[in-house]
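Step one of this worksheet: look at the structure below.
Indexing begins at 1, ligand by ligand and atom by atom, following the structure's order.
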Amino acid sequence: MKQLSNRALQIEESPTVYITSKAIELKASGKRIISLGAGEPDFDTPTAICEAAKKAIDDGKTRYCNVAGILELREAIAKKTTEIDGVKCTYKNVVVSNGGKQAVSNAFSAIINEGDEVIVFSPYWVTYPSLINFYGGVPVVVKTSENDGYKLHLDTLKKAITPKTKMIVLNTPNNPTGSSYTLEELKEIAKIVEEHDLYVLSDEIYEKIIYDGHKFHSIAKISDKLRENTIIVNGFAKSHAMTGWRIGYSVSNEVLAKRILSIQSQQTHHNCSISQYAALEALTNKEVDKDVEKMRKSYEDRRNLICEELSKIEDISFVKPHGAFYMFVNVSKYFNDKFKDSHSITDYILQQENVVTMPGEAFGEPSAIRLSFATSNENIIEACQKIKKALYSIKGR
Ligand code: PLP
């Protein structure tokens, strides 16, 4: 048999998807598993959204539609992006995709040529470097550290830029660290981006999940140049507990949006028509905003709880996250001859205590593990106790 394509051979299954499947397998074998693994809200999709989807079926909205999405949804996204995020745009800038993930993939596909460098800040969402490689680009990883609250140093960014740099990827609030940039910080990054005429992929999927009175800001609103050069990626999975509906979108300049549309038209066509009507309801029904705020508040309470529980464990450290629903916990003081990295630690926690966590290697930072706190208070408390037990047993305590 002839060999498969190099592209197929080099791409790995997303480690987060892999761990999630492993947890499902263990559950199916009858074990009681507590999962702090997947980046998925534990809430049900708000009822009004589900009702709108049912109505769409009853109304026969089941046929092909525009590749870039139904006009009403694109207009609603443009209105929200203009009025709430302060980034002026119209429906022509919007392409609705199969989740934020396809929006990220489309953007890379439209911009990256063989050998182009794309700067990614670590810890990063697993998908960025994989897809950059997939499209022939070179991911240039710029590290941020726990001591700096996982915020980038402008000097380090400047040093990473070469004549081949085409784009930077910004994700605020961040998965996996929960760090979120202030407007002032974004303005400093924007100066560098403008000076070098770079594209920015601004992944804003956790926009609504933000704590301690912090405000979300899109780098695209800073100047006309930034608006032109930024591809905003957003979606409904995290904010509206709609992971399974696969609704995401990009907002970019009109030329780029047309290219993205062409790419998508050949690959997957438009996203599911029913999901699009559901997303339209999510944006236009004010009652849904209350559900979104209730979920946000609950994540904030859980963030406080998990910080309290983790502070009872010796020899770990973390930065209190200001957004998203993850704790990124440094466990490197537990490394020894047998446990050399976070992978071995997460495996051990799963084997010993049936708690699913994510290894930091997947996010480019092997000293830490990621815990999702999108789960019940009971699960958070029990999981932290179990993690403590597993970690202490590594040190023979
Ligand atoms: N961006 C980030 C930072 C994420 O964490 C995720 C999902 O985990 C996505 C994008 C994609 O979300 P979806 O494709 O489910 O809309």
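Relative orientation of the Y128 and W125 rings is perpendicular, given thresholds of 30° and 60° on the angle between their planes.
Residue-ligand proximity, A237 to ligand 1, at heavy-atom distances under 4.0 Å covers atoms 15 (O), 16 (O). Atoms of ligand 1 found under 4.0 Å from any heavy atom of G100 (numbered from 1 in listed order, with element): 13 (P), 14 (O), 16 (O). Listed by atom number, the atoms of ligand 1 under 4.0 Å from Y128 heavy atoms are 3 (C). Residue N171 has at least one heavy-atom neighbour below 4.0 Å for each of these atoms of ligand 1: 3 (C).
The distance criterion of under 3.5 Å between nitrogen or oxygen atoms is met by Y206 with respect to ligand 1. Among the atoms of G39, none of the N or O lies under 3.5 angstrom from an N or O of ligand 1. Taking any N or O of Y326, backbone or side chain, none lies under 3.5 Å from an N or O belonging to ligand 1.
Looking at M242, K101, K238, E40 and measuring to atom 8 (O) of ligand 1, the nearest heavy atom belongs to K238.
For the side chain to side chain contact (heavy atoms under 4.5 Å, CB included) test, residues two or more places apart in sequence or in another chain that qualify with K61 are A56, D59, Y277. For F335, the ring pair (Phe, Tyr, Trp, His ring centres under 6.0 Å) test picks out no residue, with sequence neighbours left out.
A heavy-atom separation below 4.0 Å is not found between T243 and ligand 1. Assignment of G99 to the shell around ligand 1 is supported, since a heavy atom sits closer than 4.0 Å. Within the structure, the closest approach of Y124 to ligand 1 does not fall below 4.0 Å when heavy atoms are considered.
Remark: aromatic rings of Y326 and Y206 are close, center separation under 6.0 Å. Between F339 and Y348, the distance separating the two ring centers is shorter than 6.0 angstrom.
In terms of protein heavy-atom proximity, atom 14 (O) of ligand 1 is nearest to R246 NH2, 2.7 Å. The nearest heavy-atom contact from the protein to atom 6 (C) of ligand 1 is W125 CZ2, 3.3 Å. Of the protein's non-hydrogen atoms, I205 CD1, 3.7 Å is the one closest to atom 12 (O) of ligand 1. Looking from atom 3 (C) of ligand 1 to the surrounding protein, the closest heavy atom is D203 OD2, 3.4 Å.
One hydrophobic cluster, built from ILVMFWY side chains closer than 4.5 Å, holds both V118 and V141.
Note that R370 lies outside the cation-pi zone of F328, set by a 6.0 Å cut-off to the ring centre and a 45° limit from the axis. A cation-pi arrangement, defined by a distance under 6.0 Å to the six-membered ring centre and an angle within 45 degrees of its axis, is present between K395 and Y334.
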So D301 and L305, side chain to side chain contact (heavy atoms under 4.5 Å, CB included) or not? Walk me through it.
CA-CA 6 Å; D301 293 343; L305 176 67; over 6 Å; no

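Contacts of Y249 with ligand 1, taken as heavy-atom pairs under 4.0 Å, are absent altogether.
For the residue pair Q264/S97, the side-chain donor-acceptor check at 3.5 Å is satisfied.
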